[in-house]
Amino acid sequence: TILSLFLDSDFGLWVGLDNGVNYIDLNSPFTHYISKRGTLGTIYALLKSDGKLYIGTNHGLFVANIERRAYSYEFTDVRFVPESQGQVWTLEQFDGQILCGHNNGIFLVRDDSMHQVSSITGGWIFKPLGDYLIVGTYTCIVVLEKDKNDLWQFKHRIKSFNEPIRYLETDYLGYIWASHHQKGLFRVEVSKDYSHSK
């Protein structure tokens, strides 16, 4: 039972109840969204960009408009990105371009559509390495570079290293540290052109 309400100068709502006082932070950075039909599936990745929220799930990629309403945000016009059916593992933005690591490969997301960059399955993680991006996949490490239009494109896979890599890091010496779920941690030394491991 609510007996009284008071809005303070920080937009905190104080609620007088018959059994005490509660405080509601109306400026909370959290917004709840409930998918009543369950079409989203299980969420694995989120990315906010240019007033949109990209949602990567086990069903595919969705995009929603972000609208500020008074002291909270709402996600409107939630829509499925065509041809994104399947598991989305990660969403990252590099140089203003959204990359999607997907069960079916690596995709560039533009104008609410997906364009395949690599068909090597299972894009799990993206890491910058010099002018390139390296990507851990189900079977290897992939190298991406920019084309003449400054768009990320497939360059090659790192030869002589064929392991599923979920986690990657690079260090100041140029080594790639790759984590394998059963074999442990690899220190991968690559050639100057990143084409093969030594």
Step-by-step side chain to side chain contact (heavy atoms under 4.5 Å, CB included) determination, Lys127 to Glu169: CA-CA 7 Å; Lys127 286 291 177 180; Glu169 277 300 334; 3.0 Å; yes
Side-chain contact test, heavy atoms from C-beta onward, threshold under 4.5 Å: evaluate it for [X] versus [Y] and give yes or no.
| X | Y | result |
| --- | --- | --- |
| Phe6 | Leu13 | no |
| Val135 | Ile120 | no |
| Thr42 | Thr57 | no |
| Phe62 | Leu53 | no |
| His102 | Leu91 | no |
| Cys100 | Ile98 | no |
| Gln93 | Leu47 | yes |
| Leu129 | Ile176 | yes |

Once rounded to the nearest 0.5 Å, what's the spacing between atom [atom1] of [X] and atom [atom2] of [Y]?
| X | Y | atom1 | atom2 | result |
| --- | --- | --- | --- | --- |
| Asp77 | Ile66 | CG | CD1 | 12.5 Å |
| Tyr175 | Thr170 | OH | OG1 | 13.5 Å |
| Ile106 | Met114 | CD1 | CE | 11.0 Å |
| Asp95 | Asp150 | CG | CG | 7.5 Å |
| Ser4 | Asp18 | OG | CG | 11.0 Å |
| Leu46 | Thr90 | CG | OG1 | 10.5 Å |

Is there a donor-acceptor pair closer than 3.5 Å between any side-chain N or O of Asp8 and the backbone N or O of Asp10? yes
Side-chain heavy atoms nearer than 4.5 Å, only ILVMFWY residues, links allowed to pass through others: does that put [X] and [Y] together?
| X | Y | answer |
| --- | --- | --- |
| Ile55 | Phe80 | yes |
| Ile165 | Val143 | yes |
| Phe107 | Val117 | no |
| Leu5 | Leu3 | no |
| Val63 | Phe75 | no |

Considering residues at least two apart in sequence or located in another chain, which fulfil the side chain to side chain contact (heavy atoms under 4.5 Å, CB included) criterion with [X]?
| X | value |
| --- | --- |
| Gln97 | Leu108, Lys146, Leu151, Trp152 |
| Asn19 | Leu17 |
| Ser119 | Gln116 |

Partners passing salt bridge (charged side-chain N to carboxylate O under 4.0 Å, His left out) against [X] (at least two apart in sequence or in another chain):
| X | result |
| --- | --- |
| Glu83 | none |
| Lys48 | none |
| Arg110 | none |
| Asp25 | none |

List the residues meeting ring-ring contact (aromatic ring centres under 6.0 Å, His included) with [X], not counting sequence neighbours, and say none if there are none.
| X | answer |
| --- | --- |
| Tyr23 | Trp14 |
| Tyr132 | Tyr194 |
| Tyr44 | Trp89 |
| Tyr54 | none |

Below 4.0 angstrom, N of the basic side chain to O of the carboxylate: do Lys52 and Asp112 qualify?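 Salt bridge: yes.
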Taking Ile134 as the fixed residue, which of Leu168, Val190, Val188 is the one that meets the side-chain contact (heavy atoms from CB on, under 4.5 Å) rule?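 Looking at Leu168, Val190, Val188, the match for Ile134 under the side-chain contact (heavy atoms from CB on, under 4.5 Å) is Leu168.
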Give a yes or no on this: more than 12 heavy atoms of other residues, nucleotides or ligands lie within 6.0 Å of atom CG of Asp171. yes
Would one find more than 12 heavy atoms of other residues, nucleotides or ligands at under 6.0 Å from atom CG of Asp131?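 No, not enclosed.
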[X] and [Y]: which non-hydrogen atoms are nearest, and at how many Å?
| X | Y | value |
| --- | --- | --- |
| Ser191 | Ser195 | OG-N, 3.2 Å |
| Cys140 | Thr137 | O-OG1, 2.8 Å |
| Val78 | Ala64 | CG2-CB, 3.7 Å |

For residues 157-164, run the donor-acceptor check on the side chains, cut-off 3.5 Å, and write out each pair with its distance to 0.1 Å, sequence neighbours left out.
from: Glu163; atom 1: OE1; to: His180; atom 2: NE2; distance (Å): 3.4
from: Glu163; atom 1: OE1; to: Lys183; atom 2: NZ; distance (Å): 3.2
from: Glu163; atom 1: OE2; to: Lys183; atom 2: NZ; distance (Å): 2.9

Any chance the rings of Tyr138 and Trp124 have centres within less than 6.0 Å?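 Here the rings of Trp124 and Tyr138 have centres that are less than 6.0 Å from each other.
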